[in-house]
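Computed from a predicted model, the values in this text were never measured in an experiment. Every number for a ligand or one of its atoms is a count from 1 in the order of the listing. The figures here come from the full heavy-atom set of this structure, side chains too, leaving out hydrogens, waters and symmetry mates. Throughout, numbering of the chain's residues begins at 1 and tracks the sequence.
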Amino acid sequence: MNCHMNTNVQMGELAVDKHVKYIISVEKKKDSFESVVMEHLRLNGAYWGLTTLDLLGKLDAVDKEEVSSWIMKCQNESGGFAGNIGHDPHLLYTLSAVQVLALFDKLDILDIDKVTNYIVGLQNEDGSFSGDMWGEVDTRFSYIAICCLSILRQLDRINVDKVVNYIVSCKNLDGGFGCTPGGESHAGQIFCCVGALAITGALHHVDKDLLGWWLCERQVKSGGLNGRPEKLPDVCYSWWVLSSLIMIDRVHWINKDKLVKFILDSQDMENGGISDRPDDAVDVFHTYFGVAGLSLLEYPGLKAVDPAYALPVDVVNRIFFGN
Ligand code: GRG
Ligand code: ZN
C-alpha cells in the first residue's frame with residue numbers, strides 16, 4: 001500500500017489545506033459567533049489570519065484590493081487605525097494595518113507622515129508609549145511604536161534612546177521584562193521588550209544567559225511552553241517564548257521535537273485551525289501562533305518568519321532591501 005496516495009493528513013503532520021480553508025471561512029463568515037465577538041478587533045484578526053496564509057504560501061487566496069480598501073476605511077482622522085470601521089483608533093490596530101499592507105506590498109497607499117504623527121504623539125516624557133489617547137502605558141506599546149516606525153522607516157522621528165531606557169527600566173532580576181517598571185515577567189511582555197531592543201540594535205541590555213534560562217524553563221512535560229512559572233502550556237507561547245529565544249540565540253536550549261509534537265497535537269484535524277492546547281476549540285490567533293511557531297522551528301514547507309517583526313522574512317527583506 002502506498003500511504004502517499006491517501007489525501008487525508010494524518011495526526012503528526014501539519015494539515016495545511018484544512019488550516020487554509022479554516023482561515024478563509026473565518027474571514028468570510030462575518031456573522032458567526034467568533035466574528036461577532038471579534039468585531040471590534042477585526043483588523044487584528046485580519047493580520048493573524050493573513051500572515052498565517054502567507055506563511056503557508058496561500059496569500060493569493062484573498063482579494064488584496066478588497067482587504068486594503070477596507071483597511072483604509074478603518075483609519076481615523078488622527079492618523080491611527082481602529083479595529084473596524086467607525087471604531088476608536090489604537091496602536092494595536094495601527095500595527096496590524098501597517099503589517100497587512102506590508103504583506104500585500106501596498107505600504108505606498110499610506111500617508112506615512114499622518115500615521116507617523118499619530119504614533120509619535122503617543123510617546124510620553126519618560127520614553128514610554130500610551131496605547132491611545134486614554135493613556136494606558138505598557139511595554140506592548142513600546143514594541144508596537146518601534147516596529148511600526150521601523151517598517152515605515154521613520155525611527156528618526158522619536159527619541160529612540162528614551163524608548164530603550166524605559167524598556168530597560170522594566171527589566172527584572174530574573175532577566176525577564178514586565179508591562180511597566182516592577183511588573184512581573186511574562187513571556188508576552190518579554191517578546192515585546194526583546195523585539196523592540198532587537199529592532200533598535202540594543203540587545204546588549206539583555207542578560208542572554210539569564211533570560212535564556214528563564215525562557216527555556218517554560219517548557220513543560222508535554223513539550224508545550226507556558227508564559228510564566230506554574231501556568232498551563234499554551235500554543236501561543238510557541239510564538240512569544242520561541243521568538244524571544246531566537247532573538248537572543250538560545251533556541252537550542254529547548255527540546256524542539258517535543259514542542260513540534262505539542263503544536264501538531266493541538267490541530268483540529270477535521271475542520272482545520274489550531275487551539276491553545278490539545279482538544280480545545282480552535283481560533284485564528286492560536287492558528288497563527290502554531291504555524292508561526294512551527295516556522296520558527298523550521299518545520300518543512302513553511303515560509304520563514306522574522307522573530308522581531310512577526311512578518312515573513314521575504315516581506316521584511318522587501319521592506320528594507322527592496323526585494
Ligand atoms: C505583532 C506578534 C505581534 C504582537 C503585537 C499585542 C502585542 C504586540 C503583544 C502582546 C504580548 C502579550 C502580553 C502576550 C500575552 C498574551 C496572553 C496569552 C496573555 C495571557 O496572560 P494570562 O496571565 O495567561 O491570562 P497565562 O498563560 O499566564 O495563564
Ligand atoms: Zn494562548
Side-chain angles (χ1 to χ4, degrees), residues 41 43-52 54-55 81 83 90-103 119 122 129-132 136-151 167 170 176-180 183-199 214-215 217-220 222 224-244 246-247 262-263 266 273-278 280-293 295-296 305-312 315-316:
L41 39 81
L43 190 39
N44 239 201
Y47 156 72
W48 301 112
L50 294 167
T51 306
T52 310
D54 200 9
L55 293 176
F81 287 79
H90 196 286
L91 274 184
L92 284 164
Y93 311 118
T94 304
L95 174 62
S96 294
V98 168
Q99 285 175 313
V100 173
L101 293 174
L103 276 183
I119 300 168
L122 290 170
F129 276 85
S130 299
D132 64 6
E136 185 200 0
V137 170
D138 189 303
T139 45
R140 277 179 302 157
F141 310 138
S142 303
Y143 165 76
I144 292 176
I146 290 291
C147 186
C148 265
L149 292 175
S150 173
I151 292 173
I167 291 173
C170 298
F177 294 84
C179 49
T180 48
E184 183 192 2
S185 293
H186 185 289
Q189 308 300 144
I190 291 172
F191 159 78
C192 291
C193 295
V194 172
L197 295 176
I199 292 172
W214 190 93
L215 288 168
E217 286 268 285
R218 306 281 54 80
Q219 189 160 36
V220 301
S222 63
L225 306 172
N226 63 17
R228 284 182 283 171
E230 312 299 333
K231 293 279 191 157
L232 287 175
D234 181 326
V235 164
C236 65
Y237 297 111
S238 314
W239 173 261
W240 310 118
V241 172
L242 214 49
S243 59
S244 304
I246 290 175
M247 289 188 274
F262 178 80
I263 298 172
S266 304
I274 301 175
S275 56
D276 56 358
R277 60 187 69 90
D280 275 359
V282 305
D283 63 66
V284 73
F285 300 94
H286 289 87
T287 305
Y288 164 84
F289 293 122
V291 170
S295 163
L296 292 174
V305 64
D306 184 281
Y309 289 97
L311 285 170
V315 172
V316 175

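- Looking at atom 16 (C) of ligand 1, its nearest protein heavy atom turns out to be Trp240 NE1, 4.2 Å.
- Among the atoms of Tyr237, some N or O lies under 3.5 angstrom from an N or O of ligand 1.
- Looking at heavy atoms from C-beta onward, Ser275 lies out of side-chain contact with His286 at the 4.5 angstrom threshold.
- The presence of a protein heavy atom under 4.0 Å from atom 25 (O) of ligand 1 is ruled out.
- For atom 1 (C) of ligand 1, the closest heavy atom belonging to the protein is Gln99 NE2, 3.5 Å.
- Those atoms of ligand 1 with a heavy atom of Trp239 less than 4.0 angstrom away are 2 (C).
- Closest to atom 28 (O) of ligand 1 among all protein heavy atoms lies Arg228 NH2, 3.1 Å.
- Of all the heavy atoms in Ser130 and Leu91, the pair that sits closest is O-CD1, 3.4 Å.
- Here the angle centred on the Zn ion (ligand 2), running from NE2 of His286 over to OD1 of Asp234, is 80°, rounded to 10°.
- Of the candidates Arg218, Lys231, Glu217, Arg218 is the only one forming a side-chain hydrogen bond (donor to acceptor under 3.5 Å, both in side chains) with Asn226.
- When each atom of ligand 1 is checked for a heavy atom of Ala310 under 4.0 Å away, the hits are 1 (C), 2 (C).
- For ligand 1, the atoms lying closer than 4.0 Å to a non-hydrogen atom of Cys192 are 9 (C), 11 (C).
- In summary, no N, O or S atom of Asp276 is located under 2.8 Å from the Zn ion (ligand 2).
- The shortest side-chain heavy-atom distance between Trp214 and Ile190 falls under the 4.5 Å cut-off.
- Among His186, Glu230, His286, the residue whose heavy atom sits closest to atom 15 (C) of ligand 1 is His186.
- Ring pair Tyr47/Tyr288 is tilted by interplanar angle, where 30° to 60° counts as tilted.
- Across Trp239 and Pro307, no two heavy atoms sit closer than the pair CZ2-O, 3.7 Å.
- Tyr143 CD2, 3.8 Å is the protein heavy atom nearest to atom 8 (C) of ligand 1.
- Which parts of ligand 1 touch Cys236 is read off a 4.0 Å heavy-atom cut-off, strictly below it: atoms 18 (C).
- Here the side chains of His186 and Trp240 are not in contact, with every heavy-atom distance at 4.5 Å or above.
- Near Lys231, the atoms of ligand 1 lying under 4.0 angstrom from a non-hydrogen atom of the residue are 28 (O), 29 (O).
- Side-chain contact check for Thr94 versus Ile144: every heavy-atom pair is 4.5 Å or farther apart.
- The proximity of Trp48 to ligand 1, defined as any non-hydrogen pair under 4.0 Å, is limited to the side chain.
- Contact annotation: for Leu92 versus ligand 1, heavy atoms closer than 4.0 Å belong to the side chain alone.
- In this comparison of Ala292, Gly188, Ala308, Cys148, the heavy atom closest to atom 14 (C) of ligand 1 sits on Gly188.
- Val241 approaches Leu215 most closely through the heavy-atom pair CG1-O, 3.7 Å.
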Please lay out, stage by stage, how Ile146 and Phe129 fare under the test side-chain contact (heavy atoms from CB on, under 4.5 Å).
CA-CA 10 Å; Ile146 290 291; Phe129 276 85; 5.7 Å; no

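- Under the 3.5 Å distance criterion, the side-chain polar atoms of Thr287 are matched with a main-chain donor or acceptor of Ile274.
- Of all protein heavy atoms, the one closest to atom 13 (C) of ligand 1 is Gln189 OE1, 3.2 Å.
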